[in-house]
Amino acid sequence: AMEHATSELREFISDLVIPHQRCNVNINPDHITMLEGTKIKKQHSRKRRAHKSSTLSRREYAALGLNTLPTKQMKYEEALPLHHLWKGYVREHLELREGDEVPQVHDARYDEFSRKLVKLDLHGAKMKVLQSKCSTLENLAGICVMDTKNVLKLLGKDHRLRTIPKSECVFGMKVGNMEFTIFGQHLNIRPAERSVKKIKNFVKPFM
């Protein structure tokens, strides 16, 4: 009897693998990961929910105040450690050595040096507005504590946080014994995007 039952079971299983018999098999869709070459709806909905919960939209980011800084709670001395870190970073990024000078236009190093300078991350840099279409912005100076697409936020020695539009200004910056002029209109891009963007020669020696 046992051998007969085993034989019937073997025949039943053999019948299931025959292509024209597969339509008689009851398939539980919850146990299928791929159905007709595409993912089932349940999997798509799970992915959408997981993706939505793990990221913030720009509107949500702004609503939480993550792209703003307190205007009256920051002290200039608190930004000095950031500036000291930036000085080490800029020397490494520009490959500066003691006694180096700004390459002149006719110097073979000028093109590469100017491209590196424009791609700098400015968070922590001491900057000064040399020229501006708005005369009230001229001579404002401070440590850059925020660099966005269109503005720089400089924290001055008077502990005031000022928002400076890039496109309206020409900025001066000093690294060791070197001084540079950077035109703000060529910085109108987010820092992360600017670091990988192919940039023409926008920087000129400080005069």
Side-chain angles (χ1 to χ4, degrees), residues 58 61-62 65-94 96 100-105 107 109-207:
R58 288 190 180 277
Y61 194 87
L66 299 178
N67 57 354
T68 60
L69 291 173
T71 56
K72 297 182 180 180
Q73 299 176 15
M74 298 181 66
K75 303 295 183 183
Y76 181 79
E77 290 76 14
E78 295 173 347
L80 287 176
L82 176 63
H83 174 63
H84 292 316
L85 288 173
W86 181 83
K87 287 195 296 184
Y89 151 75
V90 72
R91 287 186 175 279
E92 182 178 347
H93 179 76
L94 297 178
L96 297 179
D100 280 351
E101 297 181 355
V102 179
Q104 300 301 310
V105 177
D107 195 321
R109 298 183 301 123
Y110 176 78
D111 288 347
E112 181 63 23
F113 188 86
S114 62
R115 281 193 292 268
K116 286 182 178 180
L117 184 60
V118 173
K119 289 184 178 184
L120 275 177
D121 188 327
L122 299 175
H123 292 94
K126 285 185 179 180
M127 305 185 73
K128 182 178 181 179
V129 180
L130 302 179
Q131 298 178 16
S132 175
K133 293 180 180 179
C134 178
S135 59
T136 58
L137 297 177
E138 292 184 359
N139 297 318
L140 292 180
I143 297 174
C144 177
V145 291
M146 180 173 280
D147 179 4
T148 68
K149 181 178 180 180
N150 297 310
V151 302
L152 294 174
K153 294 195 175 184
L154 304 183
L155 182 62
K157 290 184 178 180
D158 57 357
H159 313 303
R160 288 187 60 185
L161 185 65
R162 296 177 173 88
T163 300
I164 313 295
K166 292 179 179 179
S167 59
E168 305 295 323
C169 302
V170 178
F171 297 94
M173 184 171 62
K174 186 174 181 179
V175 179
N177 61 342
M178 297 183 179
E179 293 183 330
F180 311 100
T181 299
I182 303 181
F183 295 89
Q185 61 182 328
H186 303 307
L187 301 176
N188 274 359
I189 186 171
R190 295 183 180 90
E193 298 173 4
R194 190 171 68 235
S195 64
V196 296
K197 184 178 176 62
K198 187 175 181 180
I199 300 176
K200 297 179 181 179
N201 302 328
F202 292 137
V203 184
K204 297 181 179 180
F206 185 84
M207 301 302 290

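Please read these numbers as outputs of a predicted model, since none were measured by experiment.
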Subject >> salt bridge (charged side-chain N to carboxylate O under 4.0 Å, His left out) partners for K166, two or more places apart >> reply: D147

**OP:** State, with a plain yes or no, whether a side-chain heavy atom of F171 is found less than 4.5 Å away from one of L122.
**Re:** no

**OP:** Evaluate the side-chain proximity of L161 to V145: yes if any heavy-atom separation is below 4.5 Å, no if none is.
**Re:** yes

Quick one: pull up [atom1] in [X] and [atom2] in [Y] and give me the separation to the nearest 0.5 Å.
| X | Y | atom1 | atom2 | value |
| --- | --- | --- | --- | --- |
| I189 | K119 | CD1 | NZ | 10.0 Å |
| N188 | S167 | CG | OG | 5.0 Å |
| I164 | K153 | CD1 | NZ | 11.0 Å |
| N150 | Q185 | CG | CD | 13.0 Å |

Original post:
Got a donor-acceptor contact below 3.5 angstrom from the H159 side chain to the Y76 backbone?
Top reply: yes

**OP:** Would you check if the side chain of Y89 reaches a backbone N or O of G124 as a donor-acceptor pair within less than 3.5 Å?
**Re:** no

Please name the pair of heavy atoms, one in [X] and one in [Y], separated by the smallest distance, quoted to 0.1 Å.
| X | Y | result |
| --- | --- | --- |
| P165 | L137 | CD-CD1, 3.8 Å |
| H123 | P191 | CE1-CG, 4.2 Å |
| D121 | R194 | CA-NH2, 4.4 Å |
| R162 | G156 | NH1-CA, 4.3 Å |
| A125 | M173 | CB-SD, 4.0 Å |

Subject >> Plane angle bin for H83 and W86 - parallel if under 30°, tilted between 30 and 60°, otherwise perpendicular >> reply: parallel

**OP:** Show your reasoning for whether side-chain contact (heavy atoms from CB on, under 4.5 Å) applies to I182 and L120.
**Re:** CA-CA 11 Å; I182 303 181; L120 275 177; 5.8 Å; no

**OP:** Before giving the answer on side-chain contact (heavy atoms from CB on, under 4.5 Å), spell out for L155 and E78 the whole-Å C-alpha distance, their side-chain angles and the decisive distance to 0.1 Å.
**Re:** CA-CA 10 Å; L155 182 62; E78 295 173 347; over 6 Å; no

Subject >> Partner of L117 under side chain to side chain contact (heavy atoms under 4.5 Å, CB included), chosen from V175, V90, L94 >> reply: L94

Subject >> Residues K174, K126; criterion side-chain contact (heavy atoms from CB on, under 4.5 Å); working and verdict >> reply: CA-CA 7 Å; K174 186 174 181 179; K126 285 185 179 180; over 6 Å; no

Is the count of non-hydrogen atoms from other residues, nucleotides or ligands lying under 6.0 Å from [X] atom [atom1] greater than 12?
| X | atom1 | result |
| --- | --- | --- |
| K128 | NZ | no |
| Q131 | CD | no |
| E92 | CD | no |

**OP:** Evaluate the criterion side-chain contact (heavy atoms from CB on, under 4.5 Å) for residue pair L130 and T181; output intermediate values, then yes/no.
**Re:** CA-CA 8 Å; L130 302 179; T181 299; 4.0 Å; yes

